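Taking it in order: structure first as structure tokens, then the write-up.
What you see is a predicted model, and the numbers here were worked out from it, not measured in a lab. Note that ligands are numbered from 1 as they come in the structure, with each ligand's atoms numbered from 1 the same way.
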Amino acid sequence: MGATRIIYLDHSATTYVKPEVANAMAPYHTEHFGNPSSIYRIARDSKKAIDAARAQVAAALGAEPDEIYFTSGGSESDNWAIKGIAFANRKKGNHIITTAIEHHAVIHTCQYLEKQGFAVTYLPVDEFGLVSPAALEAAITEQTILVSIMYANNEIGTIEPIAELGAIARKHKIPFHTDAVQAVGNVAIDVKAQNIDLLSLSAHKFYGPKGVGALYIRKGTKIDTLIHGGGQERRRRAGTENIAGIVGLGKAIALATADIEGHNARIRALRDRLMQGILAKIPHARLNGHPEKRLPGNINISFEFIEGESILLWLDDEGICASTGSACTSGSLEPSHVLLATGLPVEISHGSLRLTLGDVNTDADVDFVLEVLPKVVTRLREMSPLYKGKDGGCNVQ
Ligand SMILES: *Cc1c(COP(=O)(O)O)cnc(C)c1O
């Protein structure tokens, strides 16, 4: 048993590292290993490499290099942005606005701040996962010190109207943070034009290495430090720099943003064929997220009467790597907070499957999934008492 061929359809979870990126990183593990805080030549080489990567990240976002701070990834950037703004502005107010569909790096940080005395509004979304600019404006109070709204959702792929939301925060002089971890490389980002004050990104979501990311902080933004220690990153983020990782991040973001439209056109064509094929071949299936305002590689579909986890196991047996929208892999059977926020009933959200396409995928992959998935769903439904009864109950075992 076990498939020999691997079909990777989980690019929103992580990506492989492009060979050009790995090659750019290699000398910084071995030859250029100097600590950039030291004064000899190999240390200066490290420092130069970091400066070059900082310029690459800034160029990709329309920012200035001294507005870019390297971190250990998306989770740290989100934690820094939210806690840093909250604690620095505590005397001004205690109210934070975010949404019900954020990544856990944002939601759990906000929940922690609620325990510290902050008040958080979790804006609802519509059936497609869109946040309403009018709802944001209505939620703002005299106490509001931060608005944090993700650029694109990691489960259902919905792309939010970031420039419009940012303009509202700007009008009220409230710092605007966006978790753009899923957006970089898929959407053209310009922090100035889009009224963004803070932006989180992570290299391993766009063919860079894991464990390295960045936070863009607009000049003049009042923010506390999260990681205390040495004077690295202009005294705002301590710790000896992950030089190889930072070099990889710089190279990866330059490659990912060089031809966003060309890249998207290829991925979108594959995605659309797969998505339409699944919906045409499998009855009682429903697309989650927005039909157009979605990440080019994202498919999220709910299949009634079955469990997403069972689909994953059967797909894995065929060498297909996919994901569910829910957190059921922990065995908790907790439905996805994102799908529930779009109004999907709990029992249907349990049967959700996320397929996220990327650089490695081909037409042959699409053909294979279109052959395998309908059979898997049919077999699982044959085993499901819910399908036989079609009574719509929740199959909790
Ligand atoms: C992956 C992801 C994160 C976390 O990034 P890490 O680098 O894995 O810590 C945060 N937000 C979103 C939207 C993500 O997809």
Side-chain angles (χ1 to χ4, degrees), residues 8-17 21 57 61 68-84 98-112 122 125 129-131 148-160 162 165 177-187 189 196 198-216 226-227 237 239 242 244-246 248-250 252-253 256 288-290 293-300 321-327 329 336-339 341 354-358:
Y8 189 74
L9 291 168
D10 206 13
H11 288 82
S12 278
T14 195
T15 58
Y16 75 100
V17 176
V21 173
V57 175
L61 303 177
I68 305 300
Y69 297 85
F70 293 113
T71 67
S72 65
S75 299
E76 185 190 323
S77 295
D78 286 343
N79 270 264
W80 184 9
I82 295 167
K83 291 177 193 166
T98 184
T99 80
I101 61 162
E102 300 295 315
H103 187 273
H104 283 140
V106 168
I107 298 237
H108 290 164
T109 301
C110 288
Q111 288 170 348
Y112 163 79
Y122 298 89
V125 293
L130 284 171
V131 176
S148 178
I149 299 179
M150 71 196 320
Y151 207 127
N153 185 266
N154 46 299
E155 291 186 29
I156 57 176
T158 302
I159 298 170
E160 302 296 342
I162 286 300
L165 296 163
H177 167 248
T178 187
D179 174 343
V181 172
Q182 292 289 337
V184 174
N186 292 313
V187 183
I189 296 176
I196 299 166
L198 302 112
L199 179 145
S200 303
L201 59 85
S202 178
H204 76 101
K205 302 291 176 83
F206 48 86
Y207 310 96
K210 291 166 184 56
V212 61
L215 181 65
Y216 152 77
L226 181 70
I227 308 287
R237 197 278 185 184
N242 172 7
I246 289 169
L249 167 58
I253 204 166
N288 298 310
H290 196 280
K293 293 173 192 165
R294 74 188 298 135
L295 292 170
N298 176 286
I299 299 175
N300 188 311
C321 307
S323 158
T324 62
S326 61
T329 36
S336 151
H337 66 287
V338 176
L339 293 176
R354 182 187 75 175
L355 304 172
T356 45
L357 289 81

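The two residues Asn153 and Leu295 come nearest to each other via the heavy atoms O-CD1, 3.9 Å.
Remark: side-chain polar atoms of Ser200 are not paired, donor with acceptor, to backbone N or O of Asp179 under 3.5 angstrom. The closest donor-acceptor contact from the side chain of Asn300 to the backbone of Glu155 lies under 3.5 Å.
Protein residues with any heavy atom under 4.0 Å from ligand 1: Gly73, Gly74, Ser75, Asp78, His103, Met150, Asn154, Asp179, Val181, Gln182, Ser202, His204, Lys205.
In this structure, Thr158 has no side chain to side chain donor-acceptor pair (under 3.5 Å) partners at least two apart in sequence or on a different chain.
Considering NE2 of His108 and CD of Glu102, their distance stands at 12.5 Å, rounded to 0.5 Å. One distance of note links NE2 of His337 with NE2 of His103; it measures 8.5 Å at 0.5 Å rounding.
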